[in-house]
Amino acid sequence: MGIRDIAAVLFDMDGTLVNSDAVVDRSWSRWAVEYGLPPAEVLAVAHGNPARATVAHFLPDLTDAERAAAGARILDLELDDVSDVAPTPGALEIVATLERLGLPWAVYTSAPGQLAKIRLEAAGISPSILITIDDVERGKPDPEGYLRAAELLDVQIERCLVVEDTEVGLAAGRASGATTAGLKGIAADIRLPDLHRLVQLFTE
């Protein structure tokens with residue numbers, strides 16, 4: 001499917017529309033130290049994955065209550081650290097381009113709703129449709145969130161473009177049946193050095 005056949009764009013948030021990598025690194029590194037885990041190993045899993053999946057991966061022996069407390073702790077750390085959250089290169093431009101072209105767009109993120117709204121506001125991005133981990137039963141790499149976003153936009157998933165920056169997110173996009181675009185060198189139907197390139201593709 002060519003770019004001209006795309007009828008809607010579904011964006012990941014962290015690392016795709018919002019530059020929050022430093023915040024994620026700081027928060028998860030501090031969380032890892034508090035729980036006696038190697039920060040580098042935790043960071044290798046945390047990016048793109050729902051927090052609850054990361055917590056379960058590293059702390060499988062915790063009780064449900066202890067796991068919930070560990071999840072609440074990382075959320076507190078991330079909510080307290082938005083000082084350098086900003087839009088990624090080309091993010092504001094691609095949103096403006098899509099709106100000018102009349103193409104609907106949505107955001108699906110592994111972050112909880114409270115955190116997602118804070119980061120998007122800090123980056124100056126206001127999606128009309130936001131799907132978070134709070135809205136789905138199965139997080140990425142399951143395609144549920146992207147399928148839900150397409151449904152809310154009233155666009156067939158096969159005519160959607162999913163834009164992601166992690167392998168786990170891209171796997172969700174592929175599984176949904178959408179065309180995929182990958183940032184940060186990940187293999188996808190369309191490889192993007194940044195979102196400025198996506199602006200060019202929609203306007204050239």
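Count residues from 1 along the sequence. All values below come from the heavy atoms of this structure, side chains included, with hydrogens, waters and symmetry mates left out.
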Any sub-3.5 Å donor-acceptor pair from Asp134's side-chain atoms to Gly113's backbone N or O?
-> yes

Say whether, by atom type as modelled, one donor and one acceptor occur between the side chain of Asp5 and the main chain of Gly2 under 3.5 angstrom.
-> yes

Sidechain-backbone polar pair: Glu144 side chain, Glu137 backbone, donor-acceptor under 3.5 Å = yes

Hey, what do you get for CD (Glu164) to OG1 (Thr180), rounding to the nearest 0.5 Å?
-> 9.5 Å

Using the side chain to side chain contact (heavy atoms under 4.5 Å, CB included) rule, pick out the option among Leu183, Thr97, Leu161 that qualifies with Leu198.
-> Leu161

Test Ser27 against every option in Leu79, Leu77, Asp76 by the side chain to side chain contact (heavy atoms under 4.5 Å, CB included) rule and name the one that passes.
-> Leu77

Hey, could you give me the CZ/CG distance between Arg197 and Leu192, rounded to the nearest 0.5 Å?
-> 8.0 Å

Check against side chain to side chain contact (heavy atoms under 4.5 Å, CB included), Ile129 and Leu153 | CA-CA 8 Å; Ile129 292 178; Leu153 291 175; 3.4 Å; yes

Of Arg191, Lys184, Lys140, which meets salt bridge (Lys or Arg N to Asp or Glu O under 4.0 Å) against Asp165?
-> Lys184

Are any non-hydrogen side-chain atoms of Tyr108 and Leu147 less than 4.5 angstrom apart?
-> no

With no hydrogens and no angle check, is any side-chain donor or acceptor of Arg67 less than 3.5 Å from a backbone partner on Pro60?
-> yes

Considering only heavy atoms from C-beta outward, does the side chain of Val163 approach that of Leu195 to under 4.5 Å?
-> yes

